Amino acid sequence: MAIQWYPGHMTSARKKAAETMASIDVVIEVLDARLPEASTNPLVRELRLHRQRPCLKVLNKADLADPQVTQAWIAYYNRQEGVRAVALSCKKPGDVARLPGLCEALAPHRSENTKPLRMMIMGIPNVGKSTLMNVVLQRKLAKVGDEPAVTRAQQTSQLDVRHSITDTPGLLWPKIEHPSDGLMLAASHAVGRNAMIDEEVATFLAGLLLARYSTLLAKRYGFPADAIEHLDAVAVIEEIARRRSLRVRGGEADLEKAAKMLLQDYRDGVLGRISLETPVTRSAMLAAEQTQTVIRGTALDDDLPAAHA
């Protein structure tokens, strides 16, 4: 399935963000550490590059991600001009307290006391922007919730005499180009429930876990180590239903409940520390999609003479 979710309020939120971008110094782009590039909004990059604003990429939920993969992503982003990356968890106030200092390093022209540093938090829905805002301010100002699109309007607050910070609504983009990105976003609860089918998203997630984290999968659901090698993604969902005694009326396996269980276990981190993409797998995915595009274009060209015959 192709995941697409772009509620109407995001259009106005994007316009407002573009206006605010003109008067800020540093963009704090909050990403999901488990899927950093899939959770990178190309509209944010477009807006900040247009205004030539530096970016602090915050890989939030780092406590849920594979630490070795996270370090690879930090190195990947730190090679980009005008970008610095940091991994943290909003559950640790000490980590969040470092952000103003990191932003100052990206905007040295605002180091004087007479010129306060103006920061702007941006990112996709349900990635932790408002929680980050509240932790930075050390008070509950922004509304938070375990659902995408809780924040609907910008909020600017004075952190101290030298720093101000603006929280913005979660933004997706009108068309998610790569199907796997949409599935990763759906698995990580960054899109609305009405834009996804749990069983299809869970099947995608099960396939990825089989390929990269089969040991964690086997441990959580009690799969024998030798048996998991012979399962495919669909069979994983079926086996979860069987082992958790999830049945519909008539005794058949309740695959919908099993799918929701797998998704929730991943989101809550009870499966273990998991990253859905690495810089290497990302490059491989883009290369494979480019190859498929070329193949489709070649096939179309081959069909043209026949169509005109």
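The structure presented is a predicted model; accordingly, all values stated were derived computationally and were not measured. In what follows, residues are counted from 1 in the order of the sequence shown.
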Of all the heavy-atom pairs spanning Leu159 and Pro100, show the shortest one and how long it is. CD2-CG, 3.7 Å

What's the shortest heavy-atom distance between Asp181 and Ala38, and which atoms? OD1-CB, 3.6 Å

What is the distance from atom [atom1] of [X] to atom [atom2] of [Y], rounded to the nearest 0.5 Å?
X      : Y      : atom1 : atom2 : result
Leu208 : Thr203 : CG    : OG1   : 12.5 Å
Glu19  : Arg14  : CD    : CZ    : 11.0 Å
Met122 : Leu47  : CE    : CG    : 5.5 Å

Residue list, side-chain contact (heavy atoms from CB on, under 4.5 Å) with Arg243, at least two apart or on another chain: Phe223, Pro224, Glu239

Steps toward side chain to side chain contact (heavy atoms under 4.5 Å, CB included) verdict (Cys103, Leu117): CA-CA 8 Å; Cys103 288; Leu117 180 72; 3.7 Å; yes

Can we say Asp32 and Arg34 salt-bridge, meaning some charged N sits less than 4.0 Å from an Asp/Glu carboxylate O? yes

Hey, are Arg118 and Asp25 close enough for a salt bridge, meaning a charged N less than 4.0 Å from a carboxylate O? yes

For the pair Trp73 and Tyr76, name the ring-plane relationship: parallel under 30°, tilted 30 to 60°, perpendicular over 60°. perpendicular

Non-hydrogen side-chain atoms of [X] and [Y] separated by less than 4.5 Å:
X      : Y      : answer
Met120 : Gln154 : yes
Ile176 : Leu185 : yes
Ser157 : Met133 : yes

I would like to know whether Lys57 and Thr40 meet side chain to side chain contact (heavy atoms under 4.5 Å, CB included); could you show each step before the answer? CA-CA 9 Å; Lys57 287 184 178 282; Thr40 295; 3.9 Å; yes

So if I apply the side-chain contact (heavy atoms from CB on, under 4.5 Å) rule between Met119 and each of Thr166, Leu106, Leu56, Ile165, which one comes out positive? Ile165

side-chain contact (heavy atoms from CB on, under 4.5 Å) test vs Asp167 passes for just one of Ile121, Leu132, Asn134, namely Ile121

Do Gln158 and His163 have a side chain donor and acceptor closer than 3.5 Å? no

Geometric cation-pi criterion Arg242 and Tyr221, 6.0 Å radius, 45° cone: no

Got a donor-acceptor contact below 3.5 angstrom from the Thr281 side chain to the Glu277 backbone? no

Taking the side chain from Asp254 and the backbone from Leu246, do they hold a donor-acceptor pair closer than 3.5 Å? no

Any pair with a residue in residues 66-94 that passes salt bridge (Lys or Arg N to Asp or Glu O under 4.0 Å), sequence neighbours left out, goes on the list, sorted by first then second residue, please. Asp63-Lys91

Atom [atom1] of residue position [X] - does it have more than 12 heavy atoms of other residues, nucleotides or ligands inside 6.0 Å?
X      : atom1 : value
Gln138 : CD    : no
His50  : NE2   : no
Arg45  : CZ    : no

Determine, stepwise, if the pair Glu29 / Tyr77 fulfils side chain to side chain donor-acceptor pair (under 3.5 Å). CA-CA 12 Å; Glu29 184 179 11; Tyr77 288 123; over 6 Å; no

Same cluster or not: Val58 versus Leu171, using hydrophobic residues (I, L, V, M, F, W, Y) connected whenever any side-chain heavy atoms lie under 4.5 Å apart? yes

